[in-house]
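Nothing here was measured: the structure is a model prediction, and the numbers come from that model. Numbering of ligands and ligand atoms starts at 1, following listing order.
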Amino acid sequence: MRGRILEILRAGGAEPVSGEELSKRLEVSRTAVWKHIQALKAEGYDIESVPKKGYVLKAAPDRLKPAEIITHLKTKWLGHSIHYVESVDSTNNLAKRLAEEGCDNGLVVVSEEQKGGKGRLSRGWFSPFACGNWFSVVLKPPFLPQEASKCTLLAAVAVVKAVNKYKGVNAAIKWPNDILLNGKKLVGILTEMSAEFGKINYIVIGIGINVNVPHSIVPDDIKDCAVSVADAAAEPVERVQILADVLDNLEELYESVLQNGFAPVLAEWRKYSCTLGQQVKVIAPDETYCGLAVDIDEDGLLVVKKEDGTTEKVIAGDVSIRPAAGTGKYA
Ligand code: BT5
């Protein structure tokens with residue numbers, strides 16, 4: 001209901017929309033309209049009441065409220081159910097709890113901050129209040145568990161396309177789960193899964209995008225390697241717009257996978273990759289080696305031609321890219 005009120009007020013622009021019109025269009029009493037307007041004001045919406053004329057929406061709060069996201073969203077089903085919290089340990093953990101309770105396919109969990117944001121291998125993810133997009137998407141795909149890791153690549157394509165819409169932003173994907181901007185980390189993706197033999201119960205794709213994180217608050221240990229969209233964009237960046245664009249892209253890519261398999265998504269991934277064609281250092285669980293990243297295979301594994309001429313497929317591990325000059329250390 002509040003989403004619809006915002007939609008109508010937005011469409012009205014600077015022209016006041018009367019309580020009577022709202023009550024007619026929404027088929028609720030004027031008292032109910034008034035209560036919703038008060039609730040929206042309490043959420044931080046600046047709504048002016050013009051005597052005898054009605055309401056004008058002057059400004060929306062910089063929060064990722066469901067009503068805000070929904071008005072920007074073009075999806076058919078993904079993100080139609082949004083679980084919003086101001087603060088959480090990790091949106092992935094909360095999404096997994098909701099998935100265990102039987103939430104909808106396509107639920108999105110969004111938080112303004114994470115107190116225990118997670119990366120891979122129990123590493124942390126810095127997620128300060130109201131300056132990034134920290135969210136998780138629950139999917140219940142019909143494909144096999146061994147296909148799930150490709151969802152990370154799918155999500156990376158969805159995100160890189162969304163951030164590269166901004167003038168001045170030219171981000172690229174580093175295998176498997178990072179998006180880099182000018183060699184620094186802009187986005188991290190963490191995919192988790194619950195499966196049985198031959199069947200996925202659910203996948204949670206957690207995405208952290210540094211949108212407007214001021215450099216001054218970034219912890220020292222990641223100051224030199226973290227970057228925000230706003231650092232490079234030549235125009236204002238709205239968190240809610242990026243979030244909605246990512247969800248739109250995710251739905252489109254996911255539906256294309258359901259129809260045509262992963263091959264077209266992997267082809268798109270290759271276009272945005274900054275790993276392929278580069279000298280890389282691979283730190284795998286059981287060995288460390290260097291080589292040329294030549295491709296990803298149909299399972300999304302990175303194919304590396306080692307210095308001794310043999311070829312290795314990377315299933316898990318950290319991959320660093322050697323700087324272009326070839327003399328510095330791996331990044
Ligand atoms: C990742 O792990 O990059 C996956 C991060 C996923 C975060 C999202 S946010 C929503 C959802 N809920 C969660 O709890 N997680 C997901 P990994 O490749 O292991 O990289 C982690 C490393 O990135 C850390 O050890 C730091 O060095 C660095 N790092 C941490 N926070 C960062 C930030 N905000 N920006 C750039 N780098 C960061």
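The cationic atom of Lys306 (NZ for Lys, CZ for Arg) lies less than 6.0 Å from the six-membered ring centre of Tyr289 and within 45° of the ring axis.
Here salt bridge (Lys or Arg N to Asp or Glu O under 4.0 Å) pairs that include residues 199-224, with residues two or more places apart or in two chains, number zero.
With sequence neighbours excluded, the residues that form a side-chain hydrogen bond (donor to acceptor under 3.5 Å, both in side chains) with Lys161 are Glu268. For Pro66, the side-chain contact (heavy atoms from CB on, under 4.5 Å) test picks out Ile82, Tyr84, with sequence neighbours left out.
Listed here is the closest heavy atom pair of Ala155 and Ile207: CB-CD1, 4.2 Å.
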Quick one: ligand 1 N/O to protein N/O pairs below 3.5 Å?
| from | atom 1 | to | atom 2 | distance (Å) |
| --- | --- | --- | --- | --- |
| ligand 1 | 2 (O) | Arg120 | N | 3.2 |
| ligand 1 | 3 (O) | Lys185 | NZ | 2.7 |
| ligand 1 | 12 (N) | Thr91 | OG1 | 3.1 |
| ligand 1 | 12 (N) | Gln114 | OE1 | 2.8 |
| ligand 1 | 14 (O) | Ser90 | OG | 2.8 |
| ligand 1 | 14 (O) | Gln114 | OE1 | 3.4 |
| ligand 1 | 14 (O) | Lys118 | N | 2.7 |
| ligand 1 | 15 (N) | Lys118 | O | 2.8 |
| ligand 1 | 18 (O) | Arg120 | NE | 3.2 |
| ligand 1 | 18 (O) | Arg120 | NH2 | 3.3 |
| ligand 1 | 18 (O) | Asn177 | ND2 | 3.2 |
| ligand 1 | 18 (O) | Lys185 | NZ | 3.3 |
| ligand 1 | 19 (O) | Arg120 | N | 2.9 |
| ligand 1 | 19 (O) | Arg123 | NE | 2.8 |
| ligand 1 | 19 (O) | Arg123 | NH2 | 3.0 |
| ligand 1 | 20 (O) | Lys185 | NZ | 3.0 |
| ligand 1 | 31 (N) | Phe126 | N | 2.9 |
| ligand 1 | 34 (N) | Phe126 | O | 3.0 |
| ligand 1 | 34 (N) | Asn210 | OD1 | 3.1 |
| ligand 1 | 35 (N) | Asn210 | ND2 | 2.9 |

- Task: Decide yes or no on ring pair (Phe, Tyr, Trp, His ring centres under 6.0 Å) for Trp269 and Phe262, but give the supporting numbers first.
- Result: CA-CA 10 Å; Trp269 187 95; Phe262 273 99; over 10 Å; no
